[in-house]
Amino acid sequence: MPKILITGACGQIGSEMTLALRERYGKDNVLATDIREPEDENLRASGAFEYLNVLEEQHIARLVQKYKIDTIYHLVGILSAAGEKNPDNAWMVNVNSLKNVLDLAKNLGLRQVFWPSSIAAFGPGSPRENTPQATIMDPNTIYGITKWTGELLCNYYYNKYRLDVRSLRYPGLISYVTPPGGGTTDYAIDIFYQAIKTKQYICFLREDTMLPMMYMDDAIGGTVKLMEAPAHAIRTRLAYNFTAISFTPKQIADEIKKHIPGFVCTYAPDRRQTIADTWPRSVDDSVAQRDWGWKPQYTLSAMVEDMLKHLKKKLKT
Ligand code: AKB
């Protein structure tokens with residue numbers, strides 16, 4: 001059984017990953033850490049939590065030793081739109097913390113590290129349709145630059161030190177548990193809250209902006225599958241392309257309208273449009289399918305139905 005430490009456990013991915021890993025490996029084998037206290041009652045009640053600033057390598061090391069950790073899911077990160085507001089902070093949090101985790105994992109002989117990359121690692125020079133696993137990488141947001149740098153670092157630590165570090169290029173992730181903050185794909189979550197609360201939504205991307213997306217259940221399932229795959233199956237130590245569904249704001253709005261008649265979505269693109277315009281419209285994840293059996297479950301309509309069911313309950317409508 002792995003002994004896991006999760007950083008960023010109170011974030012969008014972390015809060016669900018913590019619960020899923022505790023369910024799978026037992027609550028005593030998964031330590032949740034974050035720089036902020038968990039607000040979610042389920043998360044708080046589900047097992048041990050420790051305050052952690054990932055920029056302090058010694059602090060991570062103390063927790064690793066105290067809880068006999070052998071695996072780190074390093075989920076802390078500043079997203080794309082937030083990164084543009086404070087590039088220095090994005091670099092510090094996204095790159096320096098990853099370097100701390102990789103150094104510590106190497107020095108203490110940890111078994112495995114997971115770190116999320118993103119479709120933001122691609123850029124204007126990458127093909128935008130069915131973007132291949134290996135292609136031109138020229139991200140032009142600081143977030144994308146940190147993600148591509150992080151991939152190169154992971155690859156370096158594997159090649160030089162044989163550290164078993166694995167990574168995925170997450171698309172926009174959609175979930176009803178913890179809202180994201182500061183991303184370009186966040187509209188695909190906000191739209192559900194507004195559709196339920198007011199039947200109106202002003203989208204910050206153009207109606208035809210197609211981006212790769214995934215429901216959180218698929219993201220968690222795929223991540224666990226990657227981490228449990230035998231080492232010989234993992235044939236890239238850069239991040240794997242990883243996708244489920246590509247859709248535009250208009251397509252998701254139309255799908256929501258089937259469940260909430262009268263819902264109206266209008267469009268007022270802002271600075272996030274220029275970020276989205278440099279990202280893939282769809283991604284080729286056939287290498288992940290071939291190497292470790294990646295296969296998503298949720299279609300657009302299944303995802304919309306499940307999101308609305310859970311969010312209506314959460315918002316008590
Ligand atoms: C963002 O929008 O910044 C993220 C991402 C695609 O990595 N959701």
Side-chain angles (χ1 to χ4, degrees), residues 6-8 11-14 17 54 72-83 90-102 105 112-128 131-159 163-173 180 182-185 211-214 216 218-220 222-227 229 234-244 275-276 278-280 282-289 291-292 294 296:
I6 302 184
T7 73
Q12 190 206 8
I13 306 170
M17 187 71 84
V54 286
I72 298 182
Y73 282 61
H74 181 40
L75 304 181
V76 166
I78 305 283
L79 297 184
S80 53
W91 180 270
M92 192 169 67
V93 173
N94 293 2
V95 180
N96 294 3
S97 74
L98 173 62
K99 176 87 170 39
N100 283 345
V101 167
L102 294 174
Q112 268 191 323
V113 173
F114 174 77
W115 173 78
S117 183
S118 160
I119 53 163
F122 296 109
S126 318
R128 295 193 64 210
T131 310
Q133 173 69 39
T135 186
I136 294 166
M137 309 298 287
D138 61 348
N140 64 359
T141 61
I142 189 69
Y143 174 65
I145 293 167
T146 65
K147 289 298 176 186
W148 181 228
T149 305
E151 288 195 29
L152 295 170
L153 264 181
C154 291
N155 193 44
Y156 181 80
Y157 275 69
Y158 174 74
N159 285 320
L163 178 65
D164 186 359
V165 49
R166 304 180 183 196
S167 183
L168 295 168
R169 292 178 184 144
Y170 281 149
L173 298 182
T184 301
T185 57
L211 288 169
M213 301 276 186
M214 185 180 291
M216 188 61 87
D218 274 337
I220 304 270
T223 306
V224 171
K225 201 167 170 56
L226 170 78
M227 291 298 275
I234 307 302
R235 289 193 244 168
T236 177
R237 298 295 169 154
L238 297 166
Y240 275 98
N241 278 6
F242 184 59
T243 192
I275 299 178
T278 69
W279 288 356
S282 59
V283 166
D284 173 5
D285 61 6
S286 55
V287 176
Q289 294 174 30
D291 284 4
W292 48 274
W294 161 239

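Computed over heavy atoms, backbone and side chain alike; hydrogens, waters and symmetry mates excluded.
Note that OG1 of T184 and CH2 of W279 are 4.0 Å apart. Values are rounded to the nearest 0.5 Å. Put simply, CG on N155 and CG on L163 are 11.5 Å apart, with the number rounded to the nearest 0.5 Å. From I145, atom CD1 reaches atom CE of M137 across 12.0 Å, with rounding to the nearest 0.5 Å. In this structure, CG on N94 lies 10.0 Å from OG1 on T149, to the nearest 0.5 angstrom. Interatomic distance, CG of L168 versus CE of M214, reported as 8.0 Å (0.5 Å rounding). Within the model, atoms CG of L211 and CZ of R128 stand 7.5 Å from one another, a figure rounded to the nearest 0.5 Å.
A 4.5 Å side-chain heavy-atom check between W294 and D218 finds at least one atom pair inside the cut-off. Using a 4.5 Å heavy-atom cutoff, the side chains of L173 and T185 are not in contact. Contact of the P127 side chain with the T135 side chain is registered, since non-hydrogen atoms from C-beta on lie closer than 4.5 Å. In this structure, R237 and C154 have side chains that are not in contact, with every pair of non-hydrogen atoms separated by 4.5 Å or more. Between V76 and V93, some side-chain heavy-atom pair lies under the 4.5 Å cut-off. Using a 4.5 Å heavy-atom threshold, the side chains of L98 and Y157 count as separate. Within the 4.5 Å cutoff, side-chain heavy atoms of L75 are placed close to those of P116.
The main-chain N or O of I234 is never found under 3.5 Å from a side-chain atom of R166 such that the two would form a donor-acceptor pair.
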Trace of the side-chain hydrogen bond (donor to acceptor under 3.5 Å, both in side chains) decision for Q289 with D285:
CA-CA 6 Å; Q289 294 174 30; D285 61 6; 2.6 Å; yes
- Yes or no on side-chain contact (heavy atoms from CB on, under 4.5 Å) for L238 and L152, after CA distance, side-chain angles and deciding distance? CA-CA 6 Å; L238 297 166; L152 295 170; 4.1 Å; yes
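Aromatic ring orientation, Y240 versus W292: perpendicular (interplanar angle above 60°, classes split at 30° and 60°).
The shortest heavy-atom contact between M216 and I13 is CE-CA, 3.8 Å.
Paired with S117 under the rule side-chain hydrogen bond (donor to acceptor under 3.5 Å, both in side chains), one option of E151, K147, R169 passes, and it is E151.
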